[in-house]
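All values reported here derive from a predicted model rather than from experimental measurement.
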Amino acid sequence: MEQLLKQFFSSQKYIICLILPLMVILMVTSLFSAPALATGVYQIPNLTADTWIVDEGEVISRLNEGQISSTFKDLAKETGKEVRIVTIHRLDYGETPESFAKGLFTKWFPTPEEQANQSLLVIDTVTNGATIISGDKVKSLLTDSMANSVTEETLGAALRNGNKYNQGLLDASDRLVTILSGKPDPGPLEEKETIQVEGTFTKAEDTDKNKGNATAWVVGLLIAATVIPMATYYIYQINQPSNQG
């Protein structure tokens, strides 16, 4: 009976020796796989005739997405000018809304001729950074200063006032459609109240700190993945029944 109990507990310790390293490896793997949640240009679906909004950030309601898409579709039929909106929850490391927008603009519209009548508004919902990229024929109506005003003042006002993405994108799309229809720019709505503008954006030093913490966790877990198996095996060995006697 005593021998059976010793064998039972020895088997348990052996199993622990196998399971602990696997648990550590799984934890480390999960940390390394976290950046995969970021979105790159080539993860965005190819453009189709009915693609007006790609809501990867999941911040637009279906009702508003349908309303904005319908407005953009009508604009395209009436003027030949086309607008798309893309929301992203997290960009790849080193990517900015502007660099992402330029890459996607080129992916969707490879030639200057295809780009000429196109506009693309991209917003990163982590930082609330936004930008508009336009083709040459659009810029005669939508100047760079107007585009910047749309993202910083029209869209930005709604985001600063409680991250109101639906309202901000509705306001931005209405203003873009007005401008691209050849009508006078109505300008941004008056921003009556500013609520913690600083809190809306991620500071660079906070981002660096988070990256440093993640690196420390990864290094620590890798060390643990080496030490824990050795320690458990050592404990297993010293608890083995002696062959002597």
Side chain Thr79, main chain Ala76, donor-acceptor under 3.5 Å
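No.
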
Taking Ser181 for its side chain and Lys183 for its backbone only, find out whether a donor-acceptor pair lies under 3.5 Å.
no

Applying the 4.5 Å side-chain criterion to the ILVMFWY set and letting contacts propagate, would [X] and [Y] be lumped into a single cluster?
{"X": "Ile85", "Y": "Leu120", "result": "no"}
{"X": "Val86", "Y": "Leu169", "result": "no"}
{"X": "Val83", "Y": "Val59", "result": "yes"}

Can [X] and [Y] be counted as having a side-chain donor-acceptor contact under 3.5 angstrom?
{"X": "Ser99", "Y": "Glu95", "result": "yes"}
{"X": "Arg90", "Y": "Thr125", "result": "no"}
{"X": "Asp55", "Y": "Thr87", "result": "yes"}

If you compare all heavy atoms of [X] against all heavy atoms of [Y], which two are closest, and at what distance to 0.1 Å?
{"X": "Ile132", "Y": "Ala147", "answer": "CD1-O, 3.8 Å"}
{"X": "Trp108", "Y": "Thr51", "answer": "CH2-CG2, 4.5 Å"}
{"X": "Leu142", "Y": "Ser134", "answer": "CD2-OG, 3.7 Å"}
{"X": "Val138", "Y": "Ser119", "answer": "CG1-OG, 3.2 Å"}
{"X": "Gly168", "Y": "Leu155", "answer": "C-CD1, 3.6 Å"}
{"X": "Val122", "Y": "Pro97", "answer": "CG1-O, 4.2 Å"}

Flag the pair [X] / [Y] as yes when at least one side-chain heavy-atom distance between them is below 4.5 Å, and no otherwise.
{"X": "Thr131", "Y": "Leu121", "value": "no"}
{"X": "Asn117", "Y": "Asp136", "value": "no"}
{"X": "Leu104", "Y": "Phe100", "value": "yes"}
{"X": "Asp185", "Y": "Arg175", "value": "yes"}
{"X": "Asp171", "Y": "Leu189", "value": "yes"}
{"X": "Ile88", "Y": "Ile123", "value": "no"}
{"X": "Glu56", "Y": "Ile44", "value": "yes"}
{"X": "Ile53", "Y": "Ile60", "value": "yes"}

Can you give me every donor-acceptor pair (side chain of residues 67-75, partner residue at least two apart or in another chain, under 3.5 Å) with its distance?
from: Ser69; atom 1: OG; to: Glu65; atom 2: O; distance (Å): 2.8
from: Thr71; atom 1: OG1; to: Gln67; atom 2: O; distance (Å): 3.0

Show every salt bridge (Lys or Arg N to Asp or Glu O under 4.0 Å) that has at least one partner inside residues 102-124, sequence neighbours left out.
Glu98-Lys102

Please identify each residue that fulfils salt bridge (Lys or Arg N to Asp or Glu O under 4.0 Å) with Asp174, with sequence neighbours left out.
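By the salt bridge (Lys or Arg N to Asp or Glu O under 4.0 Å) rule, Asp174 matches no residue at all.
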
Mind checking side chain to side chain donor-acceptor pair (under 3.5 Å) for Asn166 and listing every partner two or more places apart, or none if nothing turns up?
Ser61, Asn64

Under the ring-ring contact (aromatic ring centres under 6.0 Å, His included) rule, what pairs show up with a residue in residues 164-187, not counting sequence neighbours?
none

If a pair satisfies ring-ring contact (aromatic ring centres under 6.0 Å, His included) and one of its residues is in residues 109-145, list it, with sequence neighbours excluded.
Phe105-Phe109

Side chain to side chain donor-acceptor pair (under 3.5 Å), that's the test. Do Ser149 and Glu153 meet it? Break it down for me.
CA-CA 5 Å; Ser149 176; Glu153 298 178 280; 2.5 Å; yes

